Asks: 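This is the structure, below, for whatever I ask next.
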2 protein chains.
Amino acid sequence: MSEEPPRRRTIRDVAKAAGVSISTASNALNGIGRTNPETREKVRRIAEQIGFRPNALARSLLTKRSHSIGIITNDTYGRLTLPMTAGVSEALVDHGVSAFLCATNNDPRLAQLHLEALLDKQVDGIIFTATRADLTPPIDLTRLAIPVVYAFAIGPPTAPTFIPDDAQGARLAVQHLLDRGYRRILHITGLEDYLAAQLRAETYRDLAGAELDVLFGEWTEEWGHEAVRLVMERGGDLPEAIFCGSDEIARGVIDALRDRGLKVPEDVAVVGFDNWRVIATQTRPPLTTIDMELKELGRRAGLAMLDLTRGLPVEPGITRLPCSLVVRRSCGA
Amino acid sequence: MSEEPPRRRTIRDVAKAAGVSISTASNALNGIGRTNPETREKVRRIAEQIGFRPNALARSLLTKRSHSIGIITNDTYGRLTLPMTAGVSEALVDHGVSAFLCATNNDPRLAQLHLEALLDKQVDGIIFTATRADLTPPIDLTRLAIPVVYAFAIGPPTAPTFIPDDAQGARLAVQHLLDRGYRRILHITGLEDYLAAQLRAETYRDLAGAELDVLFGEWTEEWGHEAVRLVMERGGDLPEAIFCGSDEIARGVIDALRDRGLKVPEDVAVVGFDNWRVIATQTRPPLTTIDMELKELGRRAGLAMLDLTRGLPVEPGITRLPCSLVVRRSCGA
DNA sequence: ACCAGTTGATAAAAGCTTTTAGCAAAAAAT
DNA sequence: ATTTTTTGCTAAAAGCTTTTATCAACTGGT
């Protein structure tokens with residue numbers, strides 16, 4: 001009936017079992033101070049035997065390092081946040097650091113609540129991530145006593161910031177088309193007030209020449225359809241290739257082209273942006289696209305955070321991380 | 001140069017500023033013990049003024065409740081995990097409880113590492129979530145001293161478990177079709193060894209009659225195409241409606257029907273499963289589908305965890321939470 | 001005026017670890 | 001043989017909070 005809870009072993013248990021003082025046990029386990037090798041091994045063996053694991057709370061209270069960080073995101077959907085979070089964890093887990101994930105839904109009250117809980121728990125730092133780089137956080141993170149890193153979000157110039165290199169990604173896409181001999185390249189993309197859209201469009205113009213203008217619209221399949229309709233209606237030569245600002249747009253474009261009897265990539269080549277697998281692998285043909293390497297982005301943010309919490313210098317300001325090209329079949333085999 | 005870090009205020013600071021002892025300050029702030037109302041107000045006012053917030057680590061060390069829990073997931077993609085996590089947080093944040101998110105990628109080593117970090121940090125409980133309900137966790141969570149709750153995953157019979165009610169969801173879908181007058185209903189779904197697929201198929205057979213057999217296949221758009229091809233080739237009457245096991249399959253089905261000149265919903269109605277917005281809103285026409293209410297699922301798991309950590313009784317075993325029907329246009333306006 | 005009970009506060013212990021300072025014994029140096 | 005140094009270990013403090021036990025002062029009853 002009265003099942004006594006299996007109390008966790010403390011360093012006191014180790015000390016007693018090894019017949020030494022608590023301090024010696026601590027020294028032996030942490031390999032600091034002056035300890036007889038024999039004693040050290042004995043203590044370690046016994047600790048291992050009885051399954052001792054130090055209480056991180058007590059340790060943190062003293063060392064002022066909690067080995068936990070907070071990730072604050074405004075993404076409810078998860079497509080961007082989870083790969084990034086996985087990357088962050090990957091960088092941290094080997095160092096015993098865990099990450100609190102706080103989904104704020106972009107609600108300032110919720111964000112404040114989460115932030116307070118994090119600070120109370122003495123997190124060593126905070127990583128802020130967003131669904132869109134050029135969006136201000138729902139709370140002020142600039143006056144905290146702990147380091148803040150921004151991932152897929154832009155913070156103050158003093159904070160380390162990691163975002164995908166949109167220009168480089170666009171270059172990858174357009175250059176791929178050029179390399180394969182496509183010339184008249186059109187760019188169909190999302191909302192013009194997204195910084196990412198601007199950067200990609202700019203690079204596109206530099207590389208592809210600006211004979212054809214950039215078509216800004218929504219970030220949806222529907223806009224992909226609509227854009228193709230516009231292009232066909234205004235007549236003139238068809239483009240040889242289309243660089244789309246997102247995989248969703250690309251999917252709309254591909255479907256619209258097929259509806260009109262045009263073959264991809266024979267008549268028109270298409271390249272997307274995002275490598276959102278559920279879309280990119282299921283278009284007909286599968287979509288060649290740009291991957292923003294979100295996991296790597298998260299990993300880098302995690303590593304930066306690790307350095308910061310150790311007091312090591314970390315270069316402030318924006319670091320743009322390279323995207324990669326994922327070749328499928330929409331630009332020819 | 002030597003910027004002194006703004007040390008966090010402790011209860012000691014409050015006590016000193018209020019001219020009382022630490023114990024009195026603690027009593028006043030927590031409203032326990034015997035305290036003169038005047039003193040209590042004074043202490044609270046001063047605490048507020050100097051911005052005192054108790055150190056959760058120290059508190060937890062004593063009370064044995066860390067006000068943090070761990071979420072272990074094997075989902076790297078985030079589609080299921082993030083909405084659920086958001087739901088969990090939503091249930092917990094008002095109680096000052098935060099959640100560590102651990103993405104294991106289904107790697108036992110990684111899972112073990114995460115688990116140890118969580119236990120060291122004295123989490124009050126663990127929620128395990130998966131991308132598929134009938135999959136065993138990469139680590140053994142049955143012998144822990146803390147409560148474990150399963151969400152979108154099946155644990156031991158003694159553990160509270162929350163999963164979507166697949167049968168009810170399927171009923172919702174099929175009944176919707178029947179209510180709208182569709183009779184010959186076909187079911188195209190995913191892999192037969194998924195428990196979810198079996199449950200949905202069973203319900204479908206009960207409701208729609210089993211004249212037409214269930215078509216099991218992959219969980220992909222491609223299979224949706226392929227399945228339509230199979231149906232058309234084998235000839236006979238076309239179904240009046242198709243109940244698809246996932247939105248991805250539904251999308252393939254809709255596209256395949258259109259390719260063959262069949263109109264949705266005029267010639268064939270289609271209903272999906274998942275309410276994965278990027279798909280369901282972009283099919284032509286937009287897809288009527290079943291939403292598994294993942295956020296609510298997470299919220300329920302969070303609430304159960306909350307009760308467990310407080311020692312309140314929580315019903316063990318599987319709780320199937322209702323899905324909802326999201327009507328768009330693929331079954332008529 | 002004395003005793004019992006109440007009130008409002010406090011000192012100290014507890015929770016678990018790390019770290020500082022110190023002590024006794026052994027080793028090395030004079 | 002005595003002093004200095006080194007070695008191996010330990011007691012105690014510190015980190016911040018909550019809680020238990022205690023204490024002094026006051027209230028009210030006889």
Side-chain angles (χ1 to χ4, degrees), chain A residues 5-44 46-47 50-68 96 117 119-124 145, chain B residues 5-44 46-47 50-68 96 117 119-124 145:
Chain A
R7 194 178 56 77
R8 234 181 121 97
R9 301 291 166 184
T10 75
I11 197 170
R12 177 174 247 108
D13 299 321
V14 177
K16 181 169 289 179
V20 299
S21 76
I22 294 182
S23 349
T24 304
S26 175
N27 281 340
L29 290 170
N30 298 317
I32 58 176
R34 293 186 293 242
T35 332
N36 185 326
E38 280 182 40
T39 322
R40 182 165 54 231
E41 285 319 309
K42 182 177 179 192
V43 169
R44 289 187 174 171
I46 289 184
I50 70 176
F52 166 73
R53 305 224 74 207
N55 183 324
L57 259 37
R59 172 180 275 172
S60 302
L61 186 56
L62 200 51
T63 61
K64 308 272 187 195
R65 292 210 40 204
S66 65
H67 293 273
S68 49
L119 294 178
D120 289 353
K121 278 161 192 145
Q122 319 285 318
V123 291
D124 298 331
Chain B
R7 195 178 54 78
R8 236 180 119 99
R9 301 291 167 183
T10 76
I11 198 169
R12 179 175 245 107
D13 299 321
V14 178
K16 182 169 288 180
V20 300
S21 75
I22 293 182
S23 349
T24 305
S26 176
N27 280 342
L29 290 171
N30 297 318
I32 58 176
R34 292 188 293 243
T35 332
N36 186 325
E38 280 182 41
T39 322
R40 181 166 54 232
E41 284 319 309
K42 183 177 177 190
V43 169
R44 288 186 174 173
I46 288 183
I50 69 176
F52 166 73
R53 306 224 74 207
N55 183 325
L57 259 38
R59 172 180 277 171
S60 302
L61 186 56
L62 200 50
T63 61
K64 308 271 186 196
R65 292 208 41 204
S66 66
H67 293 274
S68 48
L119 295 178
D120 289 352
K121 280 165 190 140
Q122 319 285 127
V123 291
D124 299 330

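If you're wondering where the values come from, they're calculated on a predicted model, not measured in any experiment. The figures that follow rest on heavy atoms only: side chains count, while hydrogens, waters and symmetry mates do not. Each chain gets a letter, A, B and so on, in the order the sequences are listed, and its residues count up from 1.
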Asks: Round to the nearest Å and state the distance from B/K121 atom NZ to C/dG15 atom C1'.
Replies: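 After rounding, the gap between these two atoms is 19 Å.
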
Asks: Which nucleotide wins on minimum distance to the side chain of B/N27, given the candidates D/dC9, D/dT19, D/dC16?
Replies: D/dT19

Asks: Tell me if a side-chain donor or acceptor on B/N30 pairs with a main-chain N or O of B/I32 at a distance below 3.5 Å.
Replies: no

Asks: Taking B/T24 for its side chain and B/V20 for its backbone only, find out whether a donor-acceptor pair lies under 3.5 Å.
Replies: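 Between the backbone of B/V20 and the side chain of B/T24 there is no qualifying donor-acceptor contact (under 3.5 Å).
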
Asks: Within the distance-only criterion (no hydrogens, no angle test), does the side chain of A/T39 pair as donor or acceptor with the backbone N or O of A/T35 below 3.5 angstrom?
Replies: no

Asks: What integer distance in Å separates B/H67:NE2 from D/dT17:P?
Replies: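 It works out to 14 Å between those atoms.
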
Asks: Any side-chain N or O of A/K64 below 4.0 angstrom from OP1/OP2 of C/dT18?
Replies: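 Checking A/K64 against C/dT18: no side-chain N or O falls below 4.0 Å of OP1 or OP2.
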
Asks: DNA chain D: B/R59 or A/R59, which has the more 5' nearest nucleotide?
Replies: A/R59

Asks: Counting the atoms with a prime plus P, OP1 and OP2 as sugar-phosphate, which does B/L57 contact under 4.0 Å by heavy atoms, base, sugar-phosphate, or nothing?
Replies: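 No contact.
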
Asks: With a 4.0 Å cut-off on heavy atoms, is B/T10 in touch with a base, just the backbone sugar-phosphate, or nothing at all?
Replies: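 If one applies the 4.0 Å heavy-atom cut-off, B/T10 turns out to touch the sugar-phosphate alone, with no base involved.
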
Asks: When only distance counts, do a donor and an acceptor, one from the side chain of B/S23 and one from the base of C/dA11, lie under 3.5 Å apart?
Replies: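 In this structure, the two groups form a donor-acceptor pair.
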
Asks: Measure the spacing between CZ of A/R53 and CZ of A/R9 and express it to the nearest 0.5 Å.
Replies: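 Atom-to-atom, A/R53:CZ and A/R9:CZ are 15.5 Å apart.
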
Asks: The side chain of A/F52 lies closest to which of these nucleotides: C/dT19, C/dA11, C/dT17?
Replies: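 Of the candidates, C/dT17 comes closest.
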
Asks: Between C/dT10, D/dT18, C/dT19, spot the one nearest the side chain of B/I22, thanks.
Replies: D/dT18

Asks: What nucleotide among C/dT19, D/dT18, C/dG8 has an atom nearest to a side-chain atom of A/I32?
Replies: C/dT19

Asks: Between A/D124 and A/S66, is there a donor-acceptor pair closer than 3.5 Å when you use the side chain of the first and the backbone of the second?
Replies: yes

Asks: Heavy atoms only, 4.0 Å cut-off, all strands: where does A/N30 land among base, sugar-phosphate and nothing?
Replies: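 The residue A/N30 makes sugar-phosphate contact but no base contact.
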
Asks: Round to a whole Å and report the spacing from CD1 of B/I11 to C1' of C/dA9.
Replies: 14 Å

Asks: Quickly work out the B/L61 CG to D/dA14 P distance and round it to whole Å.
Replies: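 Roughly 17 Å, once rounded to whole Å.
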
Asks: Taking only N and O in the side chain of A/S26, is any of them less than 4.0 Å away from OP1 or OP2 of C/dT18?
Replies: yes

Asks: Classify the nucleic acid contact of A/S60 as base, sugar-phosphate or nothing, counting any heavy atom under 4.0 Å across all strands shown.
Replies: nothing

Asks: Starting at the 5' end of DNA chain D, which residue's closest nucleotide do you reach first, B/A58 or B/T24?
Replies: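 Nearest-nucleotide comparison on DNA chain D picks B/A58.
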
Asks: Please report, rounded to the nearest Å, how far the P atom of D/dT6 is from the CG atom of A/N36.
Replies: 18 Å

Asks: Minimum heavy-atom separation for A/L61 and B/N55, please, with both atom names.
Replies: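 Between these two residues, the closest heavy atoms are CD1-ND2, 3.8 Å.
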
Asks: Could you check whether A/R34 gets within reach of a base, just the sugar-phosphate, or nothing at all, counting any heavy atom under 4.0 Å?
Replies: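 Base contact.
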
Asks: Expressed as a whole number of angstroms, how long is the span from A/N55:CG to D/dT17:C1'?
Replies: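 It works out to 14 Å between those atoms.
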
Asks: Send over the distance from A/E38 CD to D/dC9 C1', rounded to a whole Å.
Replies: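 Interatomic distance, CD of A/E38 to C1' of D/dC9: 14 Å.
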
